[in-house]
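The block underneath contains the structure these notes are about, expressed in structure tokens.
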Amino acid sequence: METKILYGGLALVGGWFWFFLFLRQFFFNIMTAYPLIRKMKKLDKDIIAIGATRYTNVSLIATGFMAALVAFLVLYFSIKKGAAFVYINFSVGAVIAFGMFINKLSYRNKPMFDAFCDAYYRFVPDDELRTAIYNKKFGQVKSRLKVMGFEGTFIPEFKEEKK
């Protein structure tokens with residue numbers, strides 16, 4: 001009985017960790033990277049390089065594949081060993097993690113927008129704009145876009161910047 005409790009707890013933590021490693025990145029690609037790339041390309045197709053979309057596609061496919069593979073392996077071995085409680089606890093851990101991260105997965109969340117800037121600044125051809133994105137100086141990004149003839153409306157206003 002004690003080992004079942006330990007395995008259940010381990011599966012619960014494993015489900016949380018599985019979500020954190022794979023699905024969080026998968027949702028980041030869908031809910032942050034693609035919308036921001038699309039908004040930047042809507043301004044002008046040359047603001048961000050085509051490599052950004054390719055990079056996101058590869059990341060989406062890789063994280064989706066790994067998430068599915070791990071979920072399949074946990075399901076397969078829990079059924080094979082007759083321990084459905086392991087998969088149930090794994091799923092509960094993933095749902096708990098999803099509940100913790102659901103409101104943080106949008107690009108309107110500063111850490112997610114910062115993560116986008118950290119990963120995608122290298123795909124911006126303009127030196128000044130790339131440097132401003134790299135340094136996360138959103139006022140400079142907006143002013144550089146204005147000099148280039150564009151509106152920086154894709155950059156959300158964050159509460160910390162309003163002080």
Side-chain angles (χ1 to χ4, degrees), residues 1-42 48-124 130 132-138 141 152-163:
M1 179 66 168
E2 293 84 9
T3 57
K4 285 187 176 185
I5 293 171
L6 288 174
Y7 287 143
L10 185 62
L12 186 85
V13 171
W16 185 91
F17 198 59
W18 170 76
F19 178 89
F20 187 77
L21 281 178
F22 303 117
L23 291 185
R24 187 177 61 98
Q25 180 64 36
F26 186 84
F27 286 126
F28 170 81
N29 291 331
I30 293 172
M31 299 175 76
T32 301
Y34 279 131
L36 287 173
I37 291 169
R38 201 173 315 120
K39 288 179 184 219
M40 290 174 83
K41 285 186 182 261
K42 188 183 278 187
I48 192 162
I50 189 75
T53 305
R54 292 179 187 147
Y55 178 77
T56 308
N57 290 340
V58 169
S59 176
L60 189 72
I61 291 167
T63 56
F65 175 75
M66 290 303 294
L69 178 67
V70 170
F72 172 76
L73 290 174
V74 170
L75 179 64
Y76 175 77
F77 286 114
S78 65
I79 289 173
K80 186 176 181 180
K81 298 288 183 180
F85 70 93
V86 170
Y87 194 75
I88 291 169
N89 285 350
F90 182 83
S91 300
V92 167
V95 168
I96 289 170
F98 182 72
M100 291 171 63
F101 287 104
I102 186 66
N103 62 343
K104 298 176 182 171
L105 294 174
S106 170
Y107 67 88
R108 290 177 185 90
N109 182 340
K110 187 163 180 14
M112 286 295 132
F113 194 80
D114 287 349
F116 176 82
C117 292
D118 288 338
Y120 289 87
Y121 73 90
R122 62 181 161 248
F123 295 108
V124 177
R130 181 176 53 245
I133 291 173
Y134 174 77
N135 292 324
K136 298 177 193 95
K137 305 278 184 179
F138 303 126
V141 172
T153 56
F154 69 91
I155 300 171
E157 295 291 327
F158 299 112
K159 291 179 183 175
E160 293 84 21
E161 291 182 349
K162 290 183 180 178
K163 291 181 180 178

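We use all heavy atoms of the structure for the numbers below, so side chains are in, but hydrogens, waters and symmetry mates are not.
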Spacing of [X] atom [atom1] and [Y] atom [atom2] [to the nearest 0.5 Å]:
X    : Y    : atom1 : atom2 : answer
F113 : I155 : CZ    : CD1   : 5.0 Å
M112 : C117 : CE    : SG    : 12.5 Å
M40  : F116 : CE    : CZ    : 5.5 Å
F17  : R24  : CZ    : CZ    : 10.5 Å
Y34  : L36  : OH    : CG    : 13.0 Å
R122 : R130 : CZ    : CZ    : 11.5 Å

For Y134, what residues pass the side-chain contact (heavy atoms from CB on, under 4.5 Å) criterion, not counting sequence neighbours?
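Checked Y134 against side-chain contact (heavy atoms from CB on, under 4.5 Å); matches are Y121.
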Going by the rule side-chain contact (heavy atoms from CB on, under 4.5 Å), which residues pair with A11 if we only count those two or more places apart in sequence or in a different chain?
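Expected list: V86, N89, F90.
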When you measure from the side chain of W18 to the backbone N and O of V70, does any donor-acceptor pair fall under 3.5 Å?
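Judged by distance alone, no pair lies under 3.5 Å.
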S106 side chain vs T32 backbone, donor-acceptor pair below 3.5 Å:
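No, S106 side chain to T32 backbone: no donor-acceptor pair under 3.5 Å.
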Taking the six-membered ring for Trp, are the ring centroids of Y55 and Y120 within less than 6.0 Å of each other?
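So the answer is yes for these two rings.
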Determine whether the aromatic ring centres of F98 and F27 lie less than 6.0 Å apart.
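Centroid separation for F98 and F27: below 6.0 Å.
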Nearest non-hydrogen partners of W16 and F101, listed with the distance
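Nearest pair, atom of W16 first, then F101: CZ2-CE1, 4.2 Å.
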Non-hydrogen atoms of I37 and T53 that approach each other most closely
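Here I37 and T53 meet closest at CG2-OG1, 3.7 Å.
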So do the side chains of [X] and [Y] get within less than 4.5 Å of each other, counting heavy atoms only?
X    : Y    : value
L105 : F28  : no
K137 : V141 : no
K41  : I50  : yes
F19  : M100 : no
Y87  : F77  : no
P111 : K104 : no

Show your working on side-chain contact (heavy atoms from CB on, under 4.5 Å) between T63 and L23 and close with a plain yes or no.
CA-CA 7 Å; T63 56; L23 291 185; over 6 Å; no
Between T56 and N29, do the side chains contain an N or O donor and an N or O acceptor separated by less than 3.5 Å?
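Not at all, the side chains of T56 and N29 share no donor-acceptor pair under 3.5 Å.
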For F85, does the CZ atom sit with more than 12 other heavy atoms under 6.0 Å from it, leaving out its own atoms?
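Yes, enclosed.
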So K136 and D118, side-chain contact (heavy atoms from CB on, under 4.5 Å) or not? Walk me through it.
CA-CA 8 Å; K136 298 177 193 95; D118 288 338; 2.6 Å; yes
